[in-house]
Structures are given as structure tokens and as C-alpha cells.
Amino acid sequence: MSDIIQLLPDAIANQIAAGEVIQRPASVVKELMENAIDAGATRVQLVIREAGKALIQVVDNGCGMSETDARLCFERHATSKIRKADDLFAIKTMGFRGEALASIAAIAQVEMRTRRKEDELGTRIVIEASDVKKQEPCQCAPGTTISVKNLFYNVPARRNFLKSNSREMRHIIDEFQRIALANKKIFFSLHHNDSEMFHLDPSKLRQRIVGVFGNKYNKKLVPIGEETDVLKLSGYVGKPEFAKKTRGEQLFFVNGRFIKSPYLNHAVMSAYEDILKKDTFPLYVIFIEIDPSRIDINVHPTKQEIKFEDERLVYNYLKVTVRHALGQYSITPTLDFEQEVSITKNLNKGMSGGSNKLVSSDMQVNKVTIPSKFNEDDERISSNNKNWQDLYEGIEAFDNELEATDQPEEVENAAVTIDSEWPTDSKLDDNKGSFSKQQPKPYQVHNRYIVSHIKSGFMLIDQQAAHERIKYERFLKALESGKIATQQQLFPKTIKVSVANAEIINSILPQINQLGFDLKDFGKDTFVIHGIPADVKSGKEEAVIESLVEQYRKNVDLNLDLRDNLARALAKSTSIKRGQELAEAEMRELIDQLFACEVPYKSPYGRACFITYDLDDLNKRFKG
């Protein structure tokens with residue numbers, strides 16, 4: 001039998017390696033921009049066409065390359081960053097593997113122009129699928145310009161797996177932002193389809209964060225800083241009140257390199273313990289400087305995972321530093337024992353005076369006037385007591401009847417039945433028994449759930465989940481059939497969003513307007529609101545749009561189609577929230593609309609909209 005093992009040709013080996021290093025256009029952007037930084041560039045320009053599928057071009061003013069180096073850099077494992085194995089434990093550059101350019105050249109059409117400052121002429125090289133087509137002298141500015149065209153043109157299976165242009169562009173923006181934040185002293189610009197998206201001059205870190213994420217972020221930042229013999233921590237964390245429901249702006253940098261670390265993220269989240277709303281995530285941009293010999297970055301081809309020599313030590317330093325910064329800026333809650341004593345004295349005084357009110361109408365606590373709302377509370381308590389009486393009315397007679405027959409009444413129809421007209425004087429059919437009592441009113445429990453009577457017992461409705469279902473089906477029908485009603489604004493409102501969010505809004509702008517908005521692009525990161533959906537409160541339009549984009553990004557991982565994603569996102573953004581007080585008419589309308597839905601049982605996110613309780617089951621539970 002002949003030998004069957006053979007060495008793969010270099011072109012095939014490079015394509016295999018490219019599968020690990022180059023996953024999408026954003027991977028090319030990362031590798032080329034990091035090479036520019038390693039070359040000592042002070043200006044880096046990124047030009048993109050068709051979300052990187054047609055063109056990715058990086059122009060830098062770095063040291064450039066000689067003719068020999070320009071040809072050699074496209075070979076596998078060719079690098080200027082390390083010389084021996086020990087150098088892996090003292091890496092200070094962004095790249096070191098020598099795989100990136102070879103991988104890119106294997107799956108794209110690449111043109112490179114490069115010149116050193118001391119040379120009169122530069123070098124132009126054209127490579128397609130690892131095959132050098134041209135190498136010739138050329139006239140060019142000092143530095144290097146690399147153009148990558150038609151990515152994955154010779155690997156159609158990989159190209160077919162690329163996502164939409166808007167989604168691939170978001171990944172490119174993410175990589176660009178990370179590199180720009182890590183190198184604040186370098187000028188960066190990003191152009192997409194001849195439109196400038198970023199223009200970042202050298203600046204301090206706070207200015208760079210604002211330049212990357214938008215002007216609104218300036219008031220959200222809390223600086224952190226700590227330096228020890230082992231490491232140095234610096235950067236900014238966000239104030240808790242600005243936390244979002246998505247993990248977007250959470251960035252760690254170790255020695256200037258962006259990394260992903262769930263372990264360190266847990267340290268930051270632990271520092272925010274008890275001061276964040278549930279299921280929200282704070283902003284942070286944190287830099288860790290540590291001796292390279294104490295870390296190992298040769299863990300993954302993307303170099304975004306590293307190992308620390310002592311992870312527990314870094315965890316504790318990070319948690320304490322963030323906690324200290326939040327406390328220093330009076331963000332973490334503090335205990336004021338004098339205030340606590342003062343409140344107790346006032347309470348005791350109010351109670352000993354024999355008055356029904358615990359405190360006077362203007363209670364003085366450490367010279368802070370707190371207006372009393374006990375009158376409103378008395379009315380609310382009285383109203384709630386009446387609701388409880390309505391709930392239990394008739395139960396005693398029902399129990400006596402059960403004890404006499406020792407058999408519970410049979411429920412003729414197990415399905416939930418609700419009179420959509422809600423008459424004030426409802427009567428049952430004579431064959432099922434009759435009564436002439438007034439229809440019980442629905443009422444809220446903790447402003448979260450609605451209690452409603454049904455024939456077999458009662459029903460508990462989650463007001464937010466129910467309203468999300470109602471809104472979701474309404475918006476989905478609007479996207480399928482046509483626009484819903486739009487309320488035109490008397491004075492159009494201009495809003496500015498982050499560049500990343502602007503890219504999302506532009507990609508789904510027709511569908512957003514189909515949902516009832518009248519939103520127009522005003523260039524770069526600015527939009528003008530001319531109209532809003534009829535059921536969006538005036539003055540809340542900017543918050544609704546930001547929440548819509550945030551929810552849309554959160555739903556992307558669910559692989560929903562565009563219409564379903566938008567309908568879910570806007571339903572979540574505009575629905576009644578838990579804790580919101582509802583009038584009786586609003587509760588009744590909510591119930592009617594819920595059971596007019598095609599699928600009233602679950603919210604768009606899978607949460608139950610209501611739970612039913614049967615009286616016979618309750619009776620058995622009370623009997624033990």
C-alpha cells in the first residue's frame with residue numbers, strides 16, 4: 001500500500017489558518033490597524049466599502065518596509081516582533097504570530113504600497129489567493145497602505161456565511177472603537193462608503209471616550225485609579241443610573257490590548273452590588289498595566305484571551321478600586337446614623353402624641369424638609385381595603401355550600417372567560433345559577449399584577465408582559481400591512497446618538513418609520529424627529545428611540561428576522577412597566593386587548609402573561 005500522508009500546499013495551509021484568524025471583515029480591520037500601531041504610526045485612516053466585503057483599506061504614516069520585508073511579510077510565521085521562545089513572555093507589541101497578512105492574502109485580493117522615510121521609492125505588491133501577481137517600485141508617501149478587496153472571494157462558503165452589511169459594519173465599528181480607545185495619542189478616522197463616521201484627534205482618555213461614544217457620555221463617567229507594585233489600574237466606570245440592558249460599552253485593556261474576561265467582569269459587577277437595577281450593565285473602560293512576564297497572551301489566535309499569573313489578586317484589586325471610586329464620588333449608599341436617630345425620634349414623637357399621623361406635615365430631618373404624603377396613603381389604603389373586601393365577598397357563603405354538599409361545583413368550561421363589555425350589572429344564565437351582584441372590579445397588586453375575577457376563580461395578570469404582547473402584535477401587523485398612526489410634532493426635534501447606534505438606525509430607518517415614526521437622517525450621528533407613534537408620549541421620543549435601538553441590538557443574537565426584532569424591541573420600549581399605577585378603566589382595557597390577541601398566553605419574550613387560580617383548588621389548600 002502506498003503512502004497516503006502528504007504536506008499541504010502553502011496556499012491551502014494559509015486558507016485553513018485564515019479560518020482561525022480571519023472570521024469576518026472586522027478581523028481584517030483589527031489585524032491591519034494593530035500592524036499600523038506596531039509600526040509607530042501617529043495617524044491611522046480606515047476606509048471601508050460595503051461593510052468590508054468590497055474594500056478594507058488602512059493608511060498609516062508608520063516606519064514603512066523595505067522591498068525585502070514587504071515581500072516577506074506575506075509569508076506564514078514571518079514577523080519582526082519576536083526572535084526566540086522566551087520573547088513570548090515579554091510581548092509589548094500587538095502582533096507577534098506572523099499569521100495575519102498570510103491569512104488575509106490567502107482569501108482576498110491584496111494590494112500594498114509601502115515606503116521607509118529614508119527611501120526615495122516605495123514598493124507595490126499585488127497578491128491574490130497567496131499568489132504574488134506584481135512586485136514593483138512605486139511612488140508613495142512614507143508609511144504603509146494596504147487595500148484588501150473582495151474578502152473570501154475564493155472561499156464562497158465563507159462569504160455566504162457573512163451577515164448583513166449593517167451587522168458586519170457594527171463589528172467593524174466595535175473593533176475600531178477598541179483600538180481608538182487603547183491608543184488615545186494617535187489620530188484615527190473611519191470612512192464608510194465615502195462618509196466620515198469618526199474623526200478622532202489625539203486627546204486625553206475622557207475626551208477620547210466622549211469622541212467614540214458621544215457627548216452624552218461625559219456626565220456618565222467616574223474616574224478610577226490605583227497603582228501598586230504588581231499592577232496599575234486606570235480608566236472610567238459609569239454611574240449606576242446610566243446602566244443599560246445590553247453589555248455594549250464594557251471594555252478591558254491589558255497593556256493596551258483589548259481582552260475579554262468574564263472573571264474580571266464579575267469583579268466589576270461585584271463592586272456595583274446593590275446599586276444597580278436588575279438585569280442592567282454599567283459602562284466601563286478599564287486599563288490594566290502589568291509586567292508582561294506575569295501574563296500569557298498566546299492563548300487564542302485572536303489574542304483577546306489572556307491568562308494571569310495570579311488572577312485572584314487582579315480580581316480583588318479591581319473590585320476594591322471600582323468600589324472605592326464609586327464611594328468617593330458619593331454613588332454607593334452610605335449609612336447616616338444621626339439621620340436614622342432623628343427619624344426615630346420624630347416617629348416616636350408622632351406616635352406618643354396620640355395622632356393618627358406618625359409625623360407632622362413637614363417633618364424636619366437634619367434640616368431637610370420632607371413633604372408628607374400620608375393623606376394620599378390613607379386614601380390608597382382605604383381603597384385597597386375596599387378591593388380586598390370585594391375580593392372576599394361571597395367566599396363565606398361559597399365555603400358553607402361546599403361543606404353542605406362536600407363536593408365542589410364543576411366548571412363547565414375550563415377556558416378563561418371574560419366579559420369584554422364589562423357591564424356594571426352582570427347576570428349569569430339561569431341554568432348555571434344566578435346572582436345580581438355588581439361585577440367585581442379589577443385591581444393591582446404592588447402596581448405589578450392585575451387581579452381579575454373569572455367564573456372558576458380569579459386570574460393574576462402580569463401587566464408589563466401582557467402589554468408587551470398587545471404592542472408586539474400591533475406593531476407586527478403594522479409592519480406587515482402598513483404604517484400606524486403618526487402624531488406630527490409641532491417643532492421637529494434633533495437628536496444625536498453614538499456612531500454605532502446611528503449605523504443601526506440608518507439600516508432599519510424605513511421599518512422604524514413604518515411603525516409610526518417620522519424620522520429623518522440629518523448626517524453622521526444626527527437625526528430629526530418630525531413625528532412619533534400616536535401611543536408614544538410627547539417628550540419621551542428620544543428615550544424611546546434609544547431604548548428601541550438597545551433592545552434591537554439585544555435581540556440580534558436571537559437570529560430573528562428584521563420585522564420580528566423591531567416589533568419586539570418597540571413593544572418592550574413602549575409597554576407599561578412594572579410599578580406603574582393604572583386606573584380601573586386602563587386595567588379593563590388592558591384585559592380586553594390581551595384576550596383579543598392571537599397568542600394571549602405569553603409575552604414576545606416567553607414570559608407568562610397571566611396565571612389562573614381555581615376556587616376549588618384554593619379551598620383544598622385552606623383545608624390542608
Side-chain angles (χ1 to χ4, degrees), residues 33-34 37-38 42 90-94 174-188 200-215 217-240 242-243 247-272 275 281-295 297 303-332:
M33 291 186 70
E34 286 182 350
I37 293 166
D38 287 340
T42 59
I91 293 176
K92 296 183 179 179
T93 56
M94 302 304 294
D174 287 343
E175 291 292 352
F176 177 88
Q177 290 177 334
R178 293 164 184 169
I179 294 173
L181 287 170
N183 300 274
K184 58 185 181 295
K185 295 182 180 179
I186 299 176
F187 168 85
F188 290 97
L200 305 173
D201 291 314
S203 61
K204 295 181 179 180
L205 179 59
R206 190 183 193 107
Q207 293 171 312
R208 177 56 59 91
I209 292 174
V210 171
V212 167
F213 294 130
N215 293 331
Y217 281 75
N218 190 36
K219 62 181 181 181
K220 303 179 181 180
L221 303 176
V222 175
I224 68 168
E226 192 69 41
E227 187 169 359
T228 70
D229 295 336
V230 178
L231 54 79
K232 179 182 177 182
L233 292 170
S234 61
Y236 290 88
V237 295
K239 296 178 180 178
F242 297 107
R247 294 181 180 271
E249 298 89 11
Q250 294 188 326
L251 305 168
F252 285 115
F253 298 91
V254 176
N255 294 346
R257 181 190 307 277
F258 168 76
I259 67 162
K260 296 178 180 179
S261 175
Y263 187 69
L264 296 184
N265 176 73
H266 187 273
V268 176
M269 297 302 291
S270 297
Y272 277 89
I275 58 174
F281 305 95
L283 152 76
Y284 58 76
V285 180
I286 298 176
F287 291 82
I288 303 173
E289 293 182 27
I290 192 170
D291 186 345
S293 64
R294 291 178 175 266
I295 59 175
I297 61 175
K303 301 185 286 289
Q304 292 185 353
E305 298 178 16
I306 68 171
K307 288 188 178 296
F308 292 92
E309 185 179 66
D310 190 346
E311 282 189 324
R312 185 177 294 275
L313 182 67
V314 178
Y315 180 99
N316 290 331
Y317 272 132
L318 182 58
K319 178 179 177 180
V320 171
T321 301
V322 174
R323 191 72 176 178
H324 175 70
L326 295 174
Q328 189 176 5
Y329 283 82
S330 302
I331 291 173
T332 55

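Sequence positions, counted from 1, serve as the residue numbers for this chain.
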Here the side-chain hydrogen bond (donor to acceptor under 3.5 Å, both in side chains) pairs for residues 217-229, sequence neighbours left out, are Arg206-Asn218, Tyr217-Lys244, Tyr217-Glu249

Can you list everything that forms a side-chain hydrogen bond (donor to acceptor under 3.5 Å, both in side chains) with Asn265? Sequence neighbours excluded, please.
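Result, side-chain hydrogen bond (donor to acceptor under 3.5 Å, both in side chains) vs Asn265: Tyr284.
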
Could you tell me which residues satisfy side-chain hydrogen bond (donor to acceptor under 3.5 Å, both in side chains) with Thr42, sequence neighbours excluded, listed by chain and number?
Asn61

With sequence neighbours excluded, residues passing side-chain contact (heavy atoms from CB on, under 4.5 Å) with His266:
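Ser270, Tyr315.
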
Name all residues meeting the side-chain contact (heavy atoms from CB on, under 4.5 Å) criterion together with Pro202; count only those two or more places apart in sequence or in a different chain, and write none if there are none.
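Listed in chain order: Phe187.
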
Counting C-beta onward and ignoring hydrogens, is there a side-chain heavy-atom pair between [X] and [Y] closer than 4.5 Å?
{"X": "Lys239", "Y": "Pro282", "answer": "no"}
{"X": "Val237", "Y": "Leu283", "answer": "no"}
{"X": "Leu264", "Y": "Ile286", "answer": "no"}
{"X": "Ile295", "Y": "Asn255", "answer": "yes"}

With Glu309, which residues qualify under salt bridge (Lys or Arg N to Asp or Glu O under 4.0 Å), at least two apart?
Arg294

Residues passing the ring-ring contact (aromatic ring centres under 6.0 Å, His included) test with Phe287, sequence neighbours excluded, are Phe253

N/O donor-acceptor pair under 3.5 Å between Arg208 side chain and Asn183 backbone
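Such a contact is found between Arg208 side chain and Asn183 backbone.
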
From Ser261 atom OG to Leu318 atom CG, the distance as rounded to the nearest 0.5 Å:
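CG of Leu318 is found 9.0 Å from OG of Ser261.
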
Kindly indicate, with the supporting measurements, whether the criterion side-chain contact (heavy atoms from CB on, under 4.5 Å) is fulfilled by Tyr263 and Arg312.
CA-CA 9 Å; Tyr263 187 69; Arg312 185 177 294 275; 4.2 Å; yes

Does one side chain, of Asp201 or Ser203, offer a donor that lies under 3.5 Å from an acceptor on the other?
no

